[in-house]
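Only one structure is covered here, and it is reproduced in the block below.
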Amino acid sequence: MKFDTPATTNPIDQLKVVGKPTDRIDGPLKTTGKATYAYEWHDVAPNVAYGWVIGSGIAKGRIASMDLEAARKAPGVVAIVTAENAGSLDKGKRNAATLLGGPEIEHYQQAVALVVAETFEQARTAAGLVRIDYTPADGAYDLAAVKDKAEKTKDGDSVVGDFAGAFAAAPVKFDETYTTPDESHAMMEPHATIAAWDGDRLTVWTSNQMIDWMVTDLSATLKIPKDKVRVISPFIGGGFGGKLFLRADALLAALGAREAGRPVKVGLARPLMMNNTTHRPATIQRIRIGATPDGTITAIAHESWSGNLPGGSEETASDQTRLLYAGANRLIGNRIATLDLPEGNAMRAPGEASGMMALEVAMDEMAEKLGIDPVEFRIRNDTQTDPADPNRPFSQRQLVQCLRMGAERFGWAKRNPMPGQVRDGRWLVGLGVAAAFRNNLLTKSAARVRLDQRGIVTVETDMTDIGTGSYTIIAQTAAEMMGVGLDKVAVRLGDSSFPVSAGSGGQWGANNATAGVYAACVKLREAVAQKLGVNSADARFADGQVVAGNRKVPLAEAAGADGLSAEDGIEYGDLDKKYQQSTFGAHYVEAAVDAATGEIRVRRMLAVCAAGRILNPKSARSQVIGAMTMGVGAALMEELALDKRTGFFVNHDLAGYEVPVHADIPHQEVIFLDETDPISSPMKAKGVGELGLCGVGAAVANAVHNATGLRVREYPITLDKFLDRLPAMG
Ligand code: MOS
């Protein structure tokens, strides 16, 4: 189904099932331990052996020699795979570094060997006997040190008008630089894979967000046809972008299984997750804003620097600034330098999550400079069209409504605009606001639906559920389309033998994957109507029956003994070119800072989101509160501590890499504005999960400033960065 004109009325608009707060249909499987995660497929691959990945002990250089002798003789060892004996391998197009390194080393803990043994413990012990001598080379590890060697990225700068001239002429000017650190996804479930070969056919049970990307890159790396690779990943214990790609666990499990001649399972230990897989790259961001005294922005510039391995991509931290605020003169762009760190790539709303942490503090600082309320300053600079192209409107843009509703609900009017004034016992208390912004991406997505003689509708698509609720919204979509209850719908996900979906990433999963299911259901409705000899336009599907004219036939009967099935997908025209499709929101935070110790506690949080139709308000709310929690982590604690001499992340476990725990997070409120966006898809929905994160860090930082009068422009805001500047205690 081609979607190239805005949606009109369709069966989803009935909202009998879609749009209702619905418990996750996969919930009972998860809470009873029956949902099978990658490392737990105990029955599918008999006689499985265990692989332990050895990561490089240097970040750059060469392996001079590798002595496998002692390891080979160790008890239980079945095989050892290295780049020398693995055969000829290629590189998947989504991998910057080679997944099995050697002799050339591209980053610290790049995988250089897999030791396979009868038991996990034997593999780990034998791995400790492998002796590797390296010839280290000099590498670049410090973004600040290589910043001036950074180059413009392929997208180039977005230049509108004359920024330099307008900024120089602006009566009020702002120019500051912010930094965000390297961060780790730190999802609960490690990267893990069981691989089994049947002749030349490979099956992997793994944990991956994008099934088709994995099939494509695994077949490319192994140099075997795509149709010889099957990827199965129905449950995922968190991904956050870290499982978008083929990583060493899957490749090495496949190579280990080939070498051992039996199935092999590989899980990455936590330190390898943090140094061997991808991470969110650090950024340096400079923001300049020029305005008239009434708060009208006349010039805005946002430049962002990040680093990556050769062939890796940049963190697109300045991109939202192309779209978020008006301003006639603009200079916006990303720069990239070469760093010999583990690959930087997508993590939890890449681009906007980091970019909004700078932009939305800059907006707060500029509002203060102008003496204008920060909510009003944002509203004054709203735009309903793409600032670089006035002929390109937003499909929907309720930023102002989100800011206003949030201000009212949060009690913003009571905020003291003078920072450092509000005391509650030993606590300095402040309120902060930030806009939320994240784009809505359209990508094709397919599904297959079957109707059987019991009247059960089964949906199959390679879409994944990374803890987000995909199973449930897909079931809701099929139930609405076929006129049945959720108890009559079965959903099967995460298997490359199913039609290729949008997958889970970039908050594009919900809208696109359900739109694909919608398309397949339209086809199934046609098949049912045809079978009954009626025009599908005249057939109504409700209460488990098809009604056409004076006929009323139960779906089960219409399906017949053989059942009916249909396969289709959604494809998009150019509605995302004619219209800018984005999601908007407002984040409000109350923070308290201990006047003596500098300890920061978040006390209240509110998110107001405008993100098209909300398919399931319950799971959407869960997405947003999870995202808000990540925002607190980014603002106050998350940071991979980089050893700049040797190029590795020192705090590579969940003890040293701090993320928020329950005690750090207060009650969170989420409000969804009533919105449908007929330009996004037949579902009229948009992404919402990552919107919940974009802006939170800045709202926390702005609340800390309002509480204390202090600005910390280097995230995370830890007390060592401001303790000596805290106001004197009265
Ligand atoms: Mo998301 S960081 O694109 O999985």
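Along the sequence shown, the residues carry numbers beginning at 1. Keep in mind that this is a model prediction, so the values were computed, not measured. Below, each value reflects all heavy atoms present in this structure, side chains not excepted, and no hydrogens, waters or symmetry copies. Whatever order the structure lists them in is the order used to number ligands and atoms, beginning at 1.
Taking atom 4 (O) of ligand 1 as the reference point, the nearest protein heavy-atom neighbour is Gln209 NE2, 2.8 Å.
In the model, Ser619 has a side-chain atom that pairs as donor or acceptor with a side-chain atom of Asn616 under 3.5 Å. Checked by atom type, the side-chain pair Thr153/Asp155 shows no donor-acceptor distance below 3.5 Å.
The main-chain N or O of Asp319 is never found under 3.5 Å from a side-chain atom of Asn334 such that the two would form a donor-acceptor pair.
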Verdict with supporting geometry, Lys444 and Glu571, salt bridge (charged side-chain N to carboxylate O under 4.0 Å, His left out): CA-CA 5 Å; Lys444 67 179 186 177; Glu571 283 178 59; 5.2 Å; no

Please lay out, stage by stage, how Thr583 and Gln507 fare under the test side chain to side chain donor-acceptor pair (under 3.5 Å). CA-CA 10 Å; Thr583 61; Gln507 82 167 13; 3.2 Å; yes

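Ionic pairing of Arg322 and Asp386 is not present here: no N-O contact between side-chain nitrogen and carboxylate oxygen is shorter than 4.0 angstrom.
Close contacts between ligand 1 and Arg348 involve ligand atoms 2 (S) [criterion: under 4.0 Å to a heavy atom]. Here is the list of ligand 1 atoms found below 4.0 Å of a heavy atom in Pro350: 2 (S). Of all the atoms in ligand 1, the ones that sit under 4.0 Å from a non-hydrogen atom of Gly505 are 1 (Mo), 3 (O), 4 (O). Residue Met347 approaches ligand 1 through these ligand atoms, each under 4.0 Å from one of its heavy atoms: 2 (S). When each atom of ligand 1 is checked for a heavy atom of Phe240 under 4.0 Å away, the hits are 2 (S), 4 (O).
The distance between the ring centers of Phe584 and Phe437 falls below 6.0 angstrom.
Contacts between Glu690 and ligand 1, counted as non-hydrogen atom pairs separated by less than 4.0 Å, involve the side chain only.
Of the polar atoms of Gly241, at least one N or O is found under 3.5 Å from an N or O of ligand 1, judged by distance alone.
Ligand 1 has Gly506 within reach: a non-hydrogen atom of the residue lies less than 4.0 Å from it.
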